[in-house]
Amino acid sequence: MEFTKPRGTRDFLFDEMEKRKEVEKILRNTFENYAYREIKTPLFEDLKLFTTKSGEEIVEQLYNFEDKSNREISLRPEITAPVARLYLNELQKVAKPIKLYYFGSCFRYERPQKGRFRQFWQFGCELIGAKSPEGEAEVIAMCNDSLERLSIKTADININHLGIIRGLFKHFNIDFETQRKIMVIIDKGDKELLRESLNGNNPVTSNDELNEILLKLIDIIGDKNVLKDIENLLSKYEETNDALNEFKQLIKSLESFKVHNYTLNLGVARGLDYYTGIVFEVYIPELGTQKQVCGGGTYSLIKIFGGEEIESTGFAFGFDRLMNALEELKDEKENKSNIEVYIAPISNDTRQISFKIAQNLRENNIITEVDLSRKKFKKLLNHANNLGARKVIVVGEDELKNNQVAIKNMDSGDQELVNIDKIVSYIKED
RNA sequence: GCCGGGGUGGGGUAGGCGGUUAUCCUACGGGACUGUGGAUCCUGCGACUCGGGUUCGAAUCUCGGCCCCGGCCCCA
């Protein structure tokens, strides 16, 4: 074969697109139900937009290039930064809070593996300028709602408040560089590595008291009852009070928003310093190594791009991983075709009338296929069967003399004569 | 960027210590069957990922590229 698709990309065929559209529809309905409205940003942006947000190191994971006027351009690796840019360009004077959502593909030059592609889709949202625990709670509620509507029951939402650990850093006067190192290690979720990094031969910080608290903190995972443990642990560090209070309010609001399926997990972190409030991640254990299907949190990103200080809470689903999860979790139900009616003209003389019947059905939103290949009648039934059509309309001369056609139910094999004028109502009734 | 396993008709596969025409299933086309499907039979179409090497001879052995599947790194 001459051409193959580029590494890490995929073609989607009919059945798969059908499923993806269904998921997309559910997510759109959910987000719009919470009064979010859709935006769309370019597939490529100035390279600087992404390096400013994430550092020069990410260039090696970007699809970047110089355009014909020597502009440094990059395909977008995510949509948060473009949204922040859009906000600065267009939305600064719009009444807050602003709710927006997006769905589009992103590009990363990475090694493909399970749940990771070079072109992939993100479905995400931003709540801009509503920094409050209840704002964060509603965002999480919408995330939870999305998963429920997709019938994903094994998803686990892990929530943390980074203000807590930042309060500790402040208390112990930890410099930014060290903070960042610790955050990165916590983010990895590797407790052994953390222990080694704090207590080993070459510790990132020599503050024993801090180390001990950190090691205890990241072990705290559980439902809202672990709040007490956290409070006990932090009672003497008043720099953590504000964050802890916000955290408690968040949890209270979560209950009001009817979110019960969540885990408080002080081990969820982010390596980047613009996260200011809660962070959360959703895992689906069945997915294996790339089990994270969603990440989000509250951050102050816009200031980095030169805007006024404003906080935003958002998250994005890895759309392809959601699809993987649904595939993984689906119960064995057969892939039913959506073709409702197949029209089989018995002879060449009945073709034209068959097309008229087809158009009539389609005008009534009945998914209809009609033979266009001039196959023999027997083959037509075979084909209709392979397509999974529910009903076949047999258009033959004998019946047409009485202004009738035969409609065959492909499940039962039964067949009835129906007047041509009654076809639509006959199909709809069934 | 690193480590492993792979790549045979459209889809799924057998063969693999080199040796005639590369196996089977399925799909697709035609037919047995002049207007009734999922069956049967016949028949047609159609493949060794690419390039170099070893050899009289490579799907098979060897090296490299590309791609796929796992995993590591990374994950904004």
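Just so we're on the same page: letters track the sequence lines, and every chain starts at 1.
The side chain of Thr289(A) contributes an N or O atom lying less than 4.0 Å from OP1 or OP2 of C72(B). At U36(B), none of the side-chain N or O atoms of Lys376(A) fall inside 4.0 Å of OP1 or OP2 (strictly under the cut-off). Dashed line: the shortest gap from a side-chain N or O of Asn409(A) to OP1 or OP2 of G37(B) is not under 4.0 Å. Under 4.0 angstrom from either OP1 or OP2 of A32(B) there lies no side-chain N or O belonging to Lys378(A). For Lys188(A), a side-chain nitrogen or oxygen approaches OP1 or OP2 of C74(B) to under 4.0 Å.
Looking only at distances, a side-chain donor or acceptor of Gln179(A) sits under 3.5 Å from a matching main-chain atom of Ile174(A). Side chain of Arg321(A) to backbone of Gln292(A): a donor-acceptor contact under 3.5 angstrom is found.
The side chain of Arg111(A) sits closest to G70(B) out of G37(B), G70(B), A76(B). Of the candidate nucleotides G37(B), C69(B), A76(B), A76(B) has the atom nearest to the side chain of Ser54(A). Of all nucleotides listed (G35(B), G37(B), G71(B)), G35(B) comes nearest to the side chain of Glu399(A). Side-chain proximity of Leu62(A) to C73(B), A76(B), G70(B): nearest is A76(B). In this structure, of C75(B), C2(B), G37(B), it is G37(B) that holds the atom nearest to the side chain of Leu381(A). Of the listed nucleotides (A76(B), G35(B), C68(B)), C68(B) has the atom at the smallest distance from the side chain of Pro112(A).
Arg118(A) places its CZ atom 13 Å from the C1' atom of C68(B), with the value rounded to the nearest Å. The CD1 atom of Ile346(A) sits 7 Å away from the C1' atom of U36(B) (whole-angstrom rounding). Spacing between atom CD1 of Ile343(A) and atom P of G37(B) amounts to 20 Å, rounded to whole angstrom units. Protein atom CD1 of Ile407(A) is 17 Å distant from nucleotide atom C1' of G35(B), rounded to whole Å. Atom CD1 in Ile304(A) sits roughly 11 Å away from atom C1' in A76(B) (whole-Å rounding). Computed from coordinates, the Glu60(A) CD to C2(B) P distance equals 13 Å when rounded to whole Å. Regarding Gln61(A), its CD atom lies at a distance of 11 Å from the P atom of G1(B), rounded to whole Å. One can place CG of Asn382(A) at 17 Å from P of C33(B), the figure rounded to the nearest angstrom.
For the residue pair Asn33(A) / Thr30(A), no side-chain donor-acceptor distance below 3.5 Å is found, with atom types taken as modelled. For the residue pair Tyr101(A)/Arg28(A), the side-chain donor-acceptor check at 3.5 Å is satisfied. A donor and an acceptor atom, one from each side chain of Glu311(A) and Ser300(A), are nowhere located under 3.5 Å apart. When only modelled atom types and interatomic distance are considered, Glu340(A) and Thr368(A) share no side-chain donor-acceptor pair under 3.5 Å.
Arg116(A) contributes a side-chain N or O that forms a donor-acceptor pair with the base of C74(B) under 3.5 Å. For Arg270(A) and A76(B), a side-chain-to-base donor-acceptor distance below 3.5 Å is absent, hydrogens and geometry of angles not being considered.
In this structure, Gly413(A) reaches the bases: a heavy-atom distance under 4.0 Å links it to at least one base atom across the strands shown. Counting non-hydrogen atoms under 4.0 angstrom, Lys5(A) reaches nothing in the nucleic acid. Heavy atoms of Glu397(A) sit under 4.0 angstrom from at least one base atom. If you check every strand for non-hydrogen atoms under 4.0 Å, Gly296(A) touches nothing. Using a 4.0 Å heavy-atom criterion, one finds that Asp187(A) contacts the sugar-phosphate atoms exclusively. Among the protein residues, Gln292(A) comes within range of no part of the nucleic acid, since none of its heavy atoms lies under 4.0 Å from any strand. Within 4.0 Å of Glu57(A), counting heavy atoms only, lies no atom of the nucleic acid at all.
Between Pro6(A) and Tyr274(A), the residue whose closest nucleotide on RNA chain B is further toward the 5' end is Pro6(A). Mapping Thr9(A) and Lys53(A) onto RNA chain B via the closest heavy atom, the residue that lands nearer the 5' end is Thr9(A).
Cation-pi contact between Arg118(A) and Tyr109(A): present, with separation from the ring centre below 6.0 Å and deviation from the ring axis of at most 45°.
Of the P atoms belonging to A27(B) and C66(B), the separation is 37 Å, rounded to the nearest Å. For the C1' atom pair drawn from C28(B) and G70(B), the interatomic distance equals 34 Å after rounding to whole Å. Nucleotides G18(B) and G11(B) have their P atoms positioned 30 Å apart, rounded to a whole Å. U49(B) and G10(B): their P atoms are spaced 12 Å apart (whole Å). When the P atom is used for both C69(B) and G30(B), the distance is 36 Å, rounded to whole Å. Distance noted for atom C1' between U34(B) and G38(B): 23 Å (whole Å). G6(B) and G15(B) are spaced 13 Å apart, taking the P atom of each and rounding to whole Å. The P atoms of C25(B) and U13(B) are separated by 16 Å, rounded to the nearest whole Å.
Salt-bridge annotation for Asp145(A) and Arg149(A): present, with a side-chain N of the basic residue lying under 4.0 Å from a carboxylate O of the acidic one. A salt bridge links Asp371(A) with Arg351(A): the closest approach of a Lys/Arg side-chain nitrogen to an acidic carboxylate oxygen falls below 4.0 angstrom. With salt bridges taken as basic N to acidic carboxylate O contacts below 4.0 Å, none links Glu416(A) and Lys422(A).
Paired regions of RNA chain B, where each region holds three or more successive Watson-Crick or G-U pairs whose two hydrogen-bonding distances fall under 3.5 Å, are B:1-7 with B:66-72, B:10-12 with B:24-26, B:28-32 with B:40-44, B:49-53 with B:61-65.
Minimum heavy-atom separation, Ala389(A) to Tyr342(A): CB-CB, 3.7 Å.
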